[in-house]
Visitor: 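Would you mind keeping the following structure in view while I ask a few things?
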2 protein chains.
Amino acid sequence: MSNNTDKPARGRPRTLQREHVLKIAVESYWTDGLTGVSIEEICRRAGVSKPGVYREFGNEDGLKQAALERYQSTILAPLADILTDDLPFEQALRKLTDFVLLDRKAHGLPAGCLQVTTCRSKQTLGKRTRESAHKFSDQTLMGLEQWIDRAKSKGQFAVEIPTRTAALYVDAQIATAMELQQQGVTQKELERVFKLALTVFFEKRRPILDQIFSEFV
Amino acid sequence: MSNNTDKPARGRPRTLQREHVLKIAVESYWTDGLTGVSIEEICRRAGVSKPGVYREFGNEDGLKQAALERYQSTILAPLADILTDDLPFEQALRKLTDFVLLDRKAHGLPAGCLQVTTCRSKQTLGKRTRESAHKFSDQTLMGLEQWIDRAKSKGQFAVEIPTRTAALYVDAQIATAMELQQQGVTQKELERVFKLALTVFFEKRRPILDQIFSEFV
DNA sequence: ACATTAAAATACGTAGCAGTATGAAATTAT
DNA sequence: ATAATTTCATACTGCTACGTATTTTAATGT
């Protein structure tokens, strides 16, 4: 960890900029996948030497975990905020829609979601990276459940739909939208698909919902 | 390609069983991902030598393409059949639901969908594998569109929803369900989420659908 | 000035991978 | 029996990867 604010320390001063490497790492893993780019390649792209990266992040697992965590706390932060802000349900849905439908290509951002691809990866990931991904997944799902429960208690959400089901559904639709965007579906078509998915929450459809969910409980 | 039905040929008789290798390859790529298992590892699992595999499939791209094609024509064939069988829409939906909700773990099948993960892969795939995946994707989407158009013409499908939007939506929901199953969501919860997704096609919801889709066109 | 400390960069060690050269083995043709 | 042919398995080449040993460099302390 950088200690550049304290006393000037003793040995040769550092030149490796942690933030720069981390930024390149997030971008690389986001674009090419966590298993699609090597440390060597990231070093090349960042213009730093390999031992420097190892000194800073320990090993590959450490770098991937740091990159994923940075992605979560920057790119995905708006999403977490929407869930905790306690807005009226329809307003939250609107904000959620804006976030999901953001034209990432036009903003120079990579397509897809690093968090989702990490969770879905079947390949060997380090322990720290895996745990970081799953912890965030669980937190997001909990956030969605609490958000939906609050909406239910305010009469803004169909109580016929089990909370966990709705949370899993919303989570999946968000991931789907990012996936479609990555596949090159037009923004217009993406908007149609996502809004179609959200219609399940809108109209009063007690008869049909009851019919589907009564058999469970 | 095996020529075991003709004359006995000239040289040393083959012992390498193409079908056996292909079966192990499908299973391996399906379980571990197209980039998550090497040819060496597949040879170990199949108990065959590497030059044998190269003689039979050419190169890695050839093996992956053959495995993907076998997966498409066996595992995913029931899906294609449902779309072309021209059943009443609700009956087709029921068959589709049965296919999607099949408990693959209980049947000893790997989780997830090789076709979907191949299309989503950001890593370098061979030309033949990539083309095979995209061709199948396009065909499936076309099949879905024709299926939906037929249902519309029979008055069994809400004409307010653009055909392509509905096709993309169904395709995505199928992929999502397989993804959730792979993530370990219970079969009950999976059923709830998938059936919730399908409710967008059921009840007459002209007002809300018109409101959403009128702004496009 | 000189020792000490810590970070820098080069170069290395080991392992796994895609793909192939090579010689042995098993068959048919003469 | 011997030549020809085809497949087999071992061993090899070249490459890239993760991680580290080693030496050089730039600073501080005495």
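Order of the sequence lines fixes the chain letters, A, B, ..., with proteins taken first and strands second; residue numbering starts at 1 for each chain. Remember, predicted model here, so these are calculated numbers, not experimental data.
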Visitor: For A/E56 and C/dA6, what is the distance between atoms CD and P respectively, to the nearest whole Å?
Guide: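 Taking CD of A/E56 and P of C/dA6, I get 15 Å after rounding.
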
Visitor: Locate the shortest heavy-atom distance separating A/T140 from A/L83; write the atom from each residue and the value.
Guide: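 Residues A/T140 and A/L83, closest heavy atoms: O-CD1, 4.2 Å.
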
Visitor: Taking the minimum atom-to-atom distance to the side chain of A/E40, which one of D/dT20, D/dA17, D/dT7 wins?
Guide: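 The answer is D/dA17, which lies nearest to the side chain.
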
Visitor: Specify the closest pair of heavy atoms between B/L63 and B/A25, including all atoms of both residues, with the distance to one decimal.
Guide: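 Answer, listing the atom of B/L63 first, then B/A25: CD1-CB, 3.9 Å.
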
Visitor: Given D/dT25, C/dA29, C/dC17, identify the nucleotide with an atom nearest to the side chain of B/S38.
Guide: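 In terms of side-chain proximity for B/S38, the closest of D/dT25, C/dA29, C/dC17 is C/dC17.
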
Visitor: Tell me, please, which residues at least two apart from B/Y29 pass side chain to side chain donor-acceptor pair (under 3.5 Å).
Guide: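 B/Y29 satisfies side chain to side chain donor-acceptor pair (under 3.5 Å) with no residue once adjacent residues are dropped.
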
Visitor: Separation of B/K64 atom NZ from C/dC17 atom C1', in whole Å?
Guide: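 Distance check: B/K64 NZ to C/dC17 C1' gives 11 Å.
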
Visitor: Under the rule for salt bridge (Lys or Arg N to Asp or Glu O under 4.0 Å), what residues qualify as partners of B/D85, not counting sequence neighbours?
Guide: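 With sequence neighbours excluded, B/D85 shows a salt bridge (Lys or Arg N to Asp or Glu O under 4.0 Å) to no residue whatsoever.
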
Visitor: In whole Å, I'd like the distance from the CZ atom of B/F57 to the C1' atom of C/dG19.
Guide: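 In whole Å, C/dG19 C1' lies 16 Å from B/F57 CZ.
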
Visitor: Looking across every strand, which nucleic acid part, if any, lies under 4.0 Å from A/E60 by heavy atom: base, sugar-phosphate, or nothing?
Guide: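 The residue A/E60 makes sugar-phosphate contact but no base contact.
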
Visitor: Grab the OH-C1' distance between B/Y54 and D/dT7 for me, whole Å please.
Guide: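 These atoms are roughly 18 Å apart.
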
Visitor: Give the residues of residues 121-132 of chain B touching DNA chain D, defined as any heavy atom closer than 4.0 Å, sorted by residue number.
Guide: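 Heavy-atom contacts with DNA chain D come from no residue of residues 121-132 of chain B; none.
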
Visitor: Kindly state each residue pair satisfying salt bridge (Lys or Arg N to Asp or Glu O under 4.0 Å) with at least one member in residues 106-130 of chain A, sequence neighbours excluded.
Guide: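 The answer is A/R120-A/E179, A/R120-B/E179.
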
Visitor: For residues 126-145 of chain A, which residue pairs qualify under ring pair (Phe, Tyr, Trp, His ring centres under 6.0 Å), counting only residues two or more places apart or in two chains?
Guide: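 Not a single pair qualifies under ring pair (Phe, Tyr, Trp, His ring centres under 6.0 Å).
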
Visitor: Looking at DNA chain C, which of residues 42-53 of chain B put a heavy atom within less than 4.0 Å of it?
Guide: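 Per residue number, the list reads B/R44, B/K50, B/P51.
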
Visitor: Rounded to whole angstroms, how far apart are CG on B/N59 and C1' on C/dC17?
Guide: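 Checked: the CG to C1' distance equals 14 Å.
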
Visitor: A/R55 has an atom CZ; how far is it from atom P of D/dA21, in whole Å?
Guide: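 Interatomic distance, CZ of A/R55 to P of D/dA21: 14 Å.
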
Visitor: The side chain of B/R12 is closest to which nucleotide in this list: D/dG19, C/dA26, C/dA8?
Guide: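 The closest nucleotide is C/dA26.
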
Visitor: Thinking salt bridges, do B/D149 and B/R164 make one under a 4.0 Å N-O criterion?
Guide: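 No, B/D149 and B/R164 are not salt-bridged.
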
Visitor: Can you tell which of D/dG19, D/dT5, C/dA18 lies closest to the side chain of B/R10?
Guide: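 For the B/R10 side chain, the nearest candidate turns out to be D/dT5.
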
Visitor: Please step through salt bridge (Lys or Arg N to Asp or Glu O under 4.0 Å) for the pair A/E41 and A/R44, ending with a clear verdict.
Guide: CA-CA 5 Å; A/E41 179 60 25; A/R44 272 190 291 273; 2.9 Å; yes

Visitor: Counting only side-chain N and O atoms of A/R14, is one of them less than 4.0 Å from OP1 or OP2 of C/dA7?
Guide: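 Yes, such a contact exists.
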
Visitor: Between A/E41 and A/P13, which is nearer to the 5' end of DNA chain D once each is assigned its nearest nucleotide?
Guide: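 The residue whose closest nucleotide sits nearer the 5' end is A/E41.
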
Visitor: With a 4.0 Å cut-off on N to O distance, would you call A/R14 and A/E56 a salt bridge?
Guide: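 Counted as a salt bridge, because a side-chain N and a carboxylate O are separated by less than 4.0 Å.
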
